[in-house]
2 protein chains.
Amino acid sequence: MITSKDVARLAGVSQPTVSRALNDHPKVSAATKQKVREAARALGYAPSAVGRALSTGRTTRVGLVVTDLDNQFYSYVIAPMHDELGRLGHELVLVTEADETGPIAERLISLGLAGVVLATTTVDSILPARLQDRGMPFVYFNRVAGVEADAVVVDPSAGVEALARAVADAGHKRAAAIFGPHNTSTGEERERAMRAALEEVGISLSQRDVVHGPFDFESGRRGAHELLGRDGAPSLLICANDLVALGALNAAAELDIDVPGRVSIIGFDDLPPSRWALVQLSTVAYDLEAMSREAARLIVSRVQGDRGAPARRVAFGTTWVPRATVGPSPR
Amino acid sequence: MITSKDVARLAGVSQPTVSRALNDHPKVSAATKQKVREAARALGYAPSAVGRALSTGRTTRVGLVVTDLDNQFYSYVIAPMHDELGRLGHELVLVTEADETGPIAERLISLGLAGVVLATTTVDSILPARLQDRGMPFVYFNRVAGVEADAVVVDPSAGVEALARAVADAGHKRAAAIFGPHNTSTGEERERAMRAALEEVGISLSQRDVVHGPFDFESGRRGAHELLGRDGAPSLLICANDLVALGALNAAAELDIDVPGRVSIIGFDDLPPSRWALVQLSTVAYDLEAMSREAARLIVSRVQGDRGAPARRVAFGTTWVPRATVGPSPR
DNA sequence: ATCGGTAATGCATACGCATACAGTTGCCTC
DNA sequence: GAGGCAACTGTATGCGTATGCATTACCGAT
């Protein structure tokens with residue numbers, strides 16, 4: 001390994017001078033900087049992030065904490081977040097932990113992360129409190145929990161209300177729903193917003209026609225098989241997110257149920273597959289890419305100093321995007 | 001920050017004893033280990049990966065180098081690779097670099113990565129040679145380049161040959177194709193295998209009916225618009241991978257071309273969306289998850305010592321998976 | 001010519017951990 | 001009862017970088 005000491009020897013200066021020269025310290029002469037830079041280039045010197053981290057007590061690594069990394073939702077989060085972090089001189093480290101009660105806080109500290117983005121916090125997780133105790137900066141992404149902290153969230157109301165009006169106008173009277181888990185703020189909030197909006201427009205949602213499950217394809221597939229398999233099923237199926245809706249759409253195809261002829265299906269997120277011509281899922285959209293980038297910016301600004309600043313909350317609005325999976329209520 | 005020195009003070013031992021105790025060094029008495037462990041727990045001590053890395057000259061971070069992180073193919077790679085790395089006590093750091101001629105080798109060294117998985121190497125990339133010069137262990141994933149090194153690859157032949165026989169039996173005589181980029185080993189190899197297999201069964205592939213493009217959805221969409229828009233287009237469209245095929249399928253939907261009534265479409269990879277009831281893409285399958293895990297195991301074993309061992313090459317076989325997008329040739 | 005001052009650089013050290021090596025026990029053996 | 005050995009544990013040090021402080025050199029001013 002090539003160290004700053006090697007560069008120093010070649011440039012004929014001391015090691016600290018190399019450090020200062022390469023970090024563009026103002027009290028190093030231009031001539032020396034030039035000399036050092038040339039020596040560094042000649043040797044192909046790359047400063048060790050490890051040495052720097054130990055010396056400064058800080059790293060440039062940001063952790064993205066996700067429990068279900070195989071959920072495709074995150075593929076649309078990771079790319080922009082990683083890109084924005086890179087732009088800001090930071091790296092992305094993926095961290096999963098099935099069990100948030102375990103020693104994950106210790107693990108995050110141990111990894112030498114500068115800060116953390118929590119993307120799958122459940123409301124009963126003790127992780128936020130632990131992180132706060134330890135002084136580890138963090139940002140909630142999409143979901144929030146008890147502890148006050150920076151957060152990037154979605155405000156479902158606008159999109160959901162527009163959706164409700166649209167389906168009411170299309171003549172739907174009874175809805176079914178596959179909602180998200182109760183222990184996530186996102187699940188609860190969307191469910192609350194949706195129930196309120198449906199009630200507002202006079203669409204009924206019987207307890208018999210509601211199931212809950214994780215935010216994934218299989219949950220949608222299973223839920224739809226259960227809800228749509230029966231006789232006299234509602235004409236409208238509302239899903240916790242797009243992946244659930246895609247699962248439901250596929251279940252409908254498996255059951256040979258016409259969409260939107262017999263049932264209309266609605267998602268939430270507007271992931272790219274929803275826009276496919278083959279799919280054309282009606283959904284509630286928001287700017288997930290911008291949201292991912294915003295989370296990156298928030299955690300970096302938090303890491304770089306303003307530890308004491310009050311918690312910021314950035315909310316992204318939603319819009320209703322009607323596509324081919326919604327139609328008039330049959331009969 | 002809580003350090004081993006704090007633990008040492010509380011436990012009434014020296015710092016090195018803490019280090020040895022927690023690393024289960026054989027020459028530390030059981031009583032001392034117990035005492036140290038209790039002190040560590042009481043303080044919530046988490047060993048600093050940074051300090052350890054500096055001291056041992058090694059980290060547990062593995063980089064996954066990808067140019068187009070937003071390509072959904074990688075979402076199906078990242079989850080299992082991350083999981084397997086975690087199992088082996090390592091972390092995954094994502095690294096992208098649009099320009100592989102830049103100082104990326106230096107960056108990889110600088111980041112303090114123990115090893116690297118190259119997932120989007122082009123055959124003309126200088127990165128592998130650079131890494132080899134620097135003594136940075138790496139593994140080719142899916143694609144390979146000039147420098148000899150560990151590699152995890154797909155052998156397309158079995159699946160492609162079965163595919164060719166199947167479509168010949170279905171009466172197809174003329175094919176079109178959207179192949180991958182010429183500067184990727186994967187693109188070239190699949191094209192070669194496919195051309196050979198088609199020739200073997202007497203299906204023609206006119207130069208007019210071939211386009212090349214990146215391995216993504218848009219490439220398939222664009223290519224299909226070009227190839228299928230014309231009169232007298234072939235009855236069979238072969239795509240470089242599933243994402244390309246999904247793009248092509250969607251283009252067909254946009255053009256109102258019946259699949260497989262007027263054209264049969266074939267992919268390569270068997271990504272989960274291909275299995276959706278809505279999609280049912282006929283494709284050449286291999287075990288991408290196992291492949292991702294294998295890459296993780298290879299790089300870790302390389303990092304943990306056997307630097308000198310000869311390069312290993314693990315090839316995954318393919319099978320032909322006929323689904324709904326392939327049918328008999330019209331007329 | 002001497003001195004103060006400033007700009008530039010070197011010296012010493014710290015960060016947290018691991019490890020070679022040097023002690024310190026205590027116990028066994030003869 | 002003395003020497004020796006095993007079993008532990010402490011001391012010293014190094015990893016690569018950054019930074020406070022001391023030092024040098026050189027300038028201008030008196």
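To find a chain, count down the sequence lines: A is the first, B the second, and so on, and within it residues start at 1.
Contacts between chain B and DNA chain D, taken as any atom within less than 4.0 angstrom of a protein heavy atom, begin and end at dC8(D) to dG16(D).
The CG atom of Leu131(B) lies 8.5 Å from the OG atom of Ser125(B); values are rounded to the nearest 0.5 Å. For the atom pair Leu118(A) CG and Thr120(A) OG1, the distance stands at 7.5 Å (nearest 0.5 Å). A distance of 9.0 Å separates CZ of Arg20(B) from CD of Gln15(B), quoted to the nearest 0.5 Å. Distance check: Arg52(A) CZ to Thr59(A) OG1 gives 12.0 Å after rounding to the nearest 0.5 Å. Here the CG-OG distance, from Leu54(B) to Ser48(A), works out to 6.5 Å after rounding to the nearest 0.5 Å.
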Assign a letter to each nucleotide of nucleotides 12-20 of chain C from its 5' end: B, base within under 4.0 Å of a protein heavy atom; S, sugar-phosphate only; -, no contact.
-> B--BBBBBB
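For Leu64(B) against Met81(B), the heavy-atom pair with the smallest separation is CD1-SD, 3.9 Å.
Side-chain contact between His82(B) and Glu91(B) is absent, with no heavy atoms from C-beta onward closer than 4.5 Å. For the pair Thr32(A) and Val13(A), the minimum side-chain heavy-atom distance is below 4.5 Å.
Two end axes, each from the C1' atoms of five base pairs, can be drawn for the helix from dA1(C)-dT30(D) to dC30(C)-dG1(D); they diverge by 60°, to 10 degrees.
Salt-bridge annotation for Asp133(A) and Arg130(A): absent, with no side-chain N of the basic residue lying under 4.0 Å from a carboxylate O of the acidic one.
Atom pair His25(A):NE2 and dT9(C):C1' shows a separation of 10 Å (rounding to whole Å applied).
With no hydrogens or angles considered, a side-chain donor-acceptor pair links Tyr76(A) and Gln72(B) at under 3.5 Å.
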